[in-house]
Amino acid sequence: MTRDEVLAMKPGRELDALVAEKVMGWKAVQVFDLKDTDGTNIANGITPYNIGQRVPHYSTDIASAWEVVEEMQNNEWDFTLKNHKRKYEAIFGTLYNAFAPTAPEAICKAALLAVMGKWR
């Protein structure tokens, strides 16, 4: 996956799954979607095989995104978050950054770029 492909991803479950695998170290995730008898979603998420936990909403929930920051810092990555008027910039190390309308999205994209070695 290229830097541009990572930056073009929309916040949501696909981005969350990629963060779970590449950044958080989860193994083989599977998307599932369960419907109630009336067709409404009763469970919609991503779960790793053989673990039974749902992948957190890393790209849309700041508390979950902060888990990504903590994981990266545990792996010796420096972290900076800046607010540029209506955009956030997340930076890991000095080379890996991403801009996004929300902090969780910027954090996830910058973390992915860092672990994948896709710098500016």
Working to the nearest 0.5 Å, report the span between CG of L81 and OH of Y88.
->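 Here the interatomic distance stands at 7.5 Å.
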
Start with the C-alpha gap between N74 and E70, add the side-chain angles, then the distance that decides, and say whether side-chain hydrogen bond (donor to acceptor under 3.5 Å, both in side chains) holds.
-> CA-CA 6 Å; N74 288 340; E70 290 172 350; over 6 Å; no

Is the shortest heavy-atom distance from the side chain of V19 to the side chain of I107 under 4.5 Å?
->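 Of all side-chain heavy-atom pairs linking I107 with V19, none is under 4.5 Å.
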
Can you see which heavy atom on M72 is nearest to which on A114, and at what distance?
->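 Heavy atoms only, the tightest pair is CE-CB, 3.7 Å.
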
Side-chain heavy atoms under 4.5 angstrom apart, residues restricted to Ile, Leu, Val, Met, Phe, Trp, Tyr: same cluster for F99 and L95?
->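 Not linked; separate clusters.
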
Atom CE in M1, atom CE in M9: separation rounded to 0.5 Å?
->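 CE of M9 is found 5.0 Å from CE of M1.
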
Is it possible for you to say whether I62 and L112 belong to one hydrophobic cluster, with membership spreading through side-chain heavy-atom contacts below 4.5 Å?
->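 In one cluster with I62: L112, yes.
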
Test item: T60 and P104 side chains (from C-beta on) under 4.5 Å apart, heavy atoms |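 Answer no - side chains too far apart.
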
Heavy-atom check, side chain of V68 versus side chain of M24, under 4.5 Å =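 Answer yes - side chains close enough.
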
Give the C-alpha distance, both sets of side-chain angles, the deciding distance and a yes or no for side chain to side chain contact (heavy atoms under 4.5 Å, CB included) between T80 and N97.
-> CA-CA 9 Å; T80 305; N97 74 321; over 6 Å; no

Can you say whether the rings of F79 and F92 are parallel (under 30°), tilted (30 to 60°) or perpendicular (over 60°)?
->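 Judged by the thresholds at 30° and 60°, the geometry between F79 and F92 is tilted.
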
Which heavy atom in V23 sits nearest to a heavy atom in E71, and how many Å separate them?
->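 Taking every non-hydrogen atom into account, O-CG, 3.7 Å.
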
Heavy-atom pair with the smallest gap, counting every atom of Y96 and L113 |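 The pair with the smallest heavy-atom distance is CD2-O, 3.5 Å.
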
Rounded to the nearest 0.5 Å, how far apart are NZ of K10 and OG of S59?
->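 It is 12.0 Å, given to the nearest 0.5 Å.
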
Under 3.5 Å donor-acceptor, E105 side chain and T102 backbone =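 Not confirmed, E105 side chain does not pair with T102 backbone.
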
Minimum heavy-atom distance between K109 and A98, given as atom pair plus value |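 Nearest pair, atom of K109 first, then A98: CB-CB, 3.7 Å.
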
